[in-house]
There are 2 protein chains.
Amino acid sequence: MARSNTRPTSRDVAHAAGVSQAAVSLVLGDKWRGRVSETTAERVREAARELGYRPNLAARNLRLGHTRTVLLVVPALTTEFFAGVYTGAARIAARHGFGVVLYPSPEGIGPARNPFASAQAALDGVIASSMAADALTAIRGDQLPLVMLDSDPAGSLGAATVNLDITDGIRQVTDHLLGLGHRRILHLAADVPSWTFDIRARELAARMATVPGTEIRTARAPISIDGARTATETALTAPGPRPTAIVCDDDKLAAGAYKALRRLGLRIPDDISVTGLDDLALATAIDPELTTVRLDAETFGERGMQALLAVLDGREPEGGDIPVHLVVRGSTAPPRTAG
Amino acid sequence: MARSNTRPTSRDVAHAAGVSQAAVSLVLGDKWRGRVSETTAERVREAARELGYRPNLAARNLRLGHTRTVLLVVPALTTEFFAGVYTGAARIAARHGFGVVLYPSPEGIGPARNPFASAQAALDGVIASSMAADALTAIRGDQLPLVMLDSDPAGSLGAATVNLDITDGIRQVTDHLLGLGHRRILHLAADVPSWTFDIRARELAARMATVPGTEIRTARAPISIDGARTATETALTAPGPRPTAIVCDDDKLAAGAYKALRRLGLRIPDDISVTGLDDLALATAIDPELTTVRLDAETFGERGMQALLAVLDGREPEGGDIPVHLVVRGSTAPPRTAG
DNA sequence: AGAGGGACGTTATACGTAACACTTCGGGCC
DNA sequence: GGCCCGAAGTGTTACGTATAACGTCCCTCT
């Protein structure tokens, strides 16, 4: 009989089944083949069930020296994108007997102060998604195996990186708009210091430069619908010829642009085209549906976890960016003035 | 000098500082006042910094018998609502030295198979949000202290519950529509077995019954924009007089209703009014902006964590539902035929 | 002078588990 | 008969930490 108040231990189970604690560990750890008879094993399992035994994770982790738990650090969970990343990562993890603990950084995309103070769980590794470089060094302080998602490979201090091919996504967007005849483009950029947004601006500029007579104007906005609305209104009421298309750093910003355009009495896509990036549920909820770049969040999470498992195994994580593709919907059309 | 490969332990720090392991524990645990001299304490801290010492959480948890970590089980993170719940819970937790580990149930709202297989962290308690009753019993199997969020107080097997006053929210919605003159209402209901949706239907019916000549039609849809669109189209093309308003179980369903109405050529709110529930970012992204019930997710999370801390302390968690309030926007107006 | 007591530590132990090394026993084989 | 071998277990230890219990000094008070 176990002590009344506290949770039963493997020793309690052993006592109840009339065997040693070692035998319990063997049986419950499924390492008993050829070491314990089937009848004894069954007796142990029965006793464990009877007592409602659940192993003490802290003790196991201490003994084993690892926890089979990894931390996934994400920016604040304000879009379902990171839910997808988690789902993918958790799926692969589960397949290898790993658990995933989620830490949504309160600071959002950018610096994450101390992921570990919050998630006090003992960890085997970390996947950090869309974090700024200074946050990276803070995390790097702990020598935990680390994989960076959506991060500058050059600036990641040797940590493995896995990336979506955002550059190619922006190339597809730009080519789509250029192909429709657009030449003056407003870039509605996220006002957040992050590599992932830098490469959007870089590729947009690079691609536009291949066609003569093009012009990019840039407006910066915090990643919120109202912030984007305000920034767009300001940019579009500025003097000079009006852009014929708005390229937004993500779908949320695009939703803000929609609001601004409604207020200004401009119609999409007749007066102006809009593109996003992410393909959230939001993209098909607004009218007209948004032309955007579909990011496969789950694959992203899967690849991230595979990379971390490789690092933990001492293997080389496989490289290569994850392809993305443009989804053309109703928010883009040739410019009216084009001819 | 510590062993080269493995992480430094408190004993390594002790050796480096020329003191005993106990002294290290005392100093780093901030329990050294009057037991260790300031100079020695500083020497210990210096050595710890030098070696990059971080305590082994597994060992600490084992020794202490608790982890100061709680699990927050939420349905799949497809809206930012649960991000708010987490934020609130984590804020209160941090204030008490607790960490929060997030487990998004892959099954969504409804049954959660095994939260603990995934989050392998050792836990002191659990907060389960919007879970079905059978999931509850599964969780209850472990005798961990438990708080249920958004759950039937009667069916929670004695676990503490914290609820938003959804009933009052629906009352406000219904009274708003009745006040505008609406009498025929379509209830776009989430096709998910959950107490939180049951009480919506119940209160809507109860409130409508107080006014003679009213009629409720019900359409069921999975919680997705396209599911809601399909269900709404089907319901509105059915024979009989058309409803003048649609009450949706949440904002996402309302976004689906918007799409259906656009397809059917019906204008909001001129031809038909629509209401939601949640007040997500989505609610102000769609056109016209959605009349909905604002739920304060962060307060919800805070109250849930406070309740769990009370349970852990052996205190009685304080009761009382969290108030919600209607936000009237452009999607509701008097019915055209009224008057 | 002897007792008392702070200041400054140390020694020893337990938490619950997993795994290594060892024992016992019965049988098979030459 | 002697030997080895596999089956079926058991005894013991270590993981790293926090803390209770225990020692010294040395200073002060009576």
Side-chain angles (χ1 to χ4, degrees), chain A residues 2-3 5-45 47-48 51-69 97 120-124, chain B residues 2-3 5-45 47-48 51-69 97 120-124:
Chain A
R3 290 143 301 173
N5 205 8
T6 178
R7 257 178 43 183
T9 74
S10 62
R11 209 177 313 269
D12 295 326
V13 175
H15 195 257
V19 296
S20 72
Q21 179 267 330
V24 174
S25 181
L26 252 16
V27 171
L28 268 35
D30 212 39
K31 303 212 178 300
W32 57 280
R33 285 164 274 251
R35 321 249 301 126
V36 176
S37 72
E38 173 55 46
T39 53
T40 305
E42 184 49 37
R43 197 148 36 91
V44 168
R45 283 189 288 259
L51 294 176
Y53 170 73
R54 283 202 325 130
N56 180 317
L57 275 300
R60 166 178 295 172
N61 292 342
L62 175 59
R63 174 65 232 241
L64 258 24
H66 64 252
T67 60
R68 309 226 124 211
T69 298
Q120 321 198 338
L123 304 169
D124 284 355
Chain B
R3 290 143 302 170
N5 205 8
T6 177
R7 257 181 37 185
T9 74
S10 62
R11 208 177 314 270
D12 295 326
V13 175
H15 195 258
V19 298
S20 72
Q21 179 266 329
V24 174
S25 180
L26 253 16
V27 172
L28 268 34
D30 212 38
K31 301 210 177 300
W32 58 280
R33 284 163 275 252
R35 321 249 301 127
V36 177
S37 72
E38 173 54 47
T39 52
T40 306
E42 184 49 38
R43 196 148 37 92
V44 168
R45 281 189 289 258
L51 294 176
Y53 170 73
R54 282 202 326 128
N56 181 317
L57 275 304
R60 166 178 295 170
N61 292 342
L62 175 60
R63 171 68 229 240
L64 258 24
H66 64 252
T67 59
R68 309 226 123 210
T69 299
Q120 320 198 336
L123 304 169
D124 285 354

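The sequence lines fix the lettering, A, B, ..., with proteins before strands; numbering per chain opens at 1.
To the nearest 0.5 angstrom, A:Leu28 atom CG is 12.5 Å from A:Arg54 atom CZ. Atom CZ of B:Arg68 sits about 14.0 Å away from atom CG of B:Leu123, to the nearest 0.5 Å.
As rounded to whole Å, 13 Å separates atom P of D:dA8 from atom CZ of A:Arg43. The interatomic distance linking A:Leu57 (CG) with C:dG16 (C1') rounds to 11 Å, in whole Å. Separating the CG atom of A:Leu62 from the P atom of D:dG16 is a distance of 7 Å, rounded to the nearest angstrom. Taking atom CZ on A:Arg7 and atom C1' on C:dC15, their separation rounds to 13 Å, with Å as the unit. Taking atom CH2 of A:Trp32 as the reference point, atom P of C:dT17 lies 20 Å away to the nearest angstrom. Whole-Å rounding puts the A:Arg11 CZ to C:dA14 C1' distance at 11 Å.
In this structure, A:Ser10 reaches the C:dT17 phosphate: one of its side-chain N or O atoms is under 4.0 Å from OP1 or OP2. At the phosphate of D:dA7, neither OP1 nor OP2 sits under 4.0 Å from any side-chain N or O atom of A:Ser37. Considering only side-chain N and O atoms, A:Thr9 lies nowhere under 4.0 angstrom from the phosphate OP1 or OP2 of C:dC15.
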Hey, what are the protein-to-nucleotides 23-27 of chain C N/O distances that come in under 3.5 Å?
none

Please produce a list of atom pairs where a protein N or O lies less than 3.5 Å from an N or O of nucleotides 19-26 of chain D.
unit_1 : atom_1 : unit_2  : atom_2 : d
D:dA21 : N6     : B:Arg35 : NH2    : 3.3

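Between A:Ala122 and A:Thr67, the shortest heavy-atom distance links the atoms O-OG1, 3.0 Å. The heavy-atom pair separating B:Arg45 from B:Val27 by the smallest distance is CG-CG1, 4.0 Å. Considering all non-hydrogen atoms of both residues, A:Val19 and A:Arg43 come closest at CG1-NH1, 4.3 Å. Residues A:Thr9 and A:Tyr53 come closest through the heavy atom pair C-CE1, 3.4 Å. For B:Ala58 against A:Leu62, the heavy-atom pair with the smallest separation is CB-N, 3.7 Å.
Taking the side chain as every heavy atom from C-beta outward, A:Glu38 and A:Trp32 approach each other to under 4.5 Å. A:Glu42 is not listed as a side-chain neighbour of A:Thr39, based on a closest heavy-atom distance of 4.5 Å or more.
When distances run from any side-chain atom of B:Ser20 to the nucleotides C:dT17, D:dT17, C:dT11, the shortest one goes to C:dT11. Checking C:dT17, D:dT17, C:dG9 against the side-chain heavy atoms of B:Arg60 singles out D:dT17 as nearest.
Contact annotation for B:Val24: no contact, since no heavy-atom pair falls under 4.0 Å across all strands.
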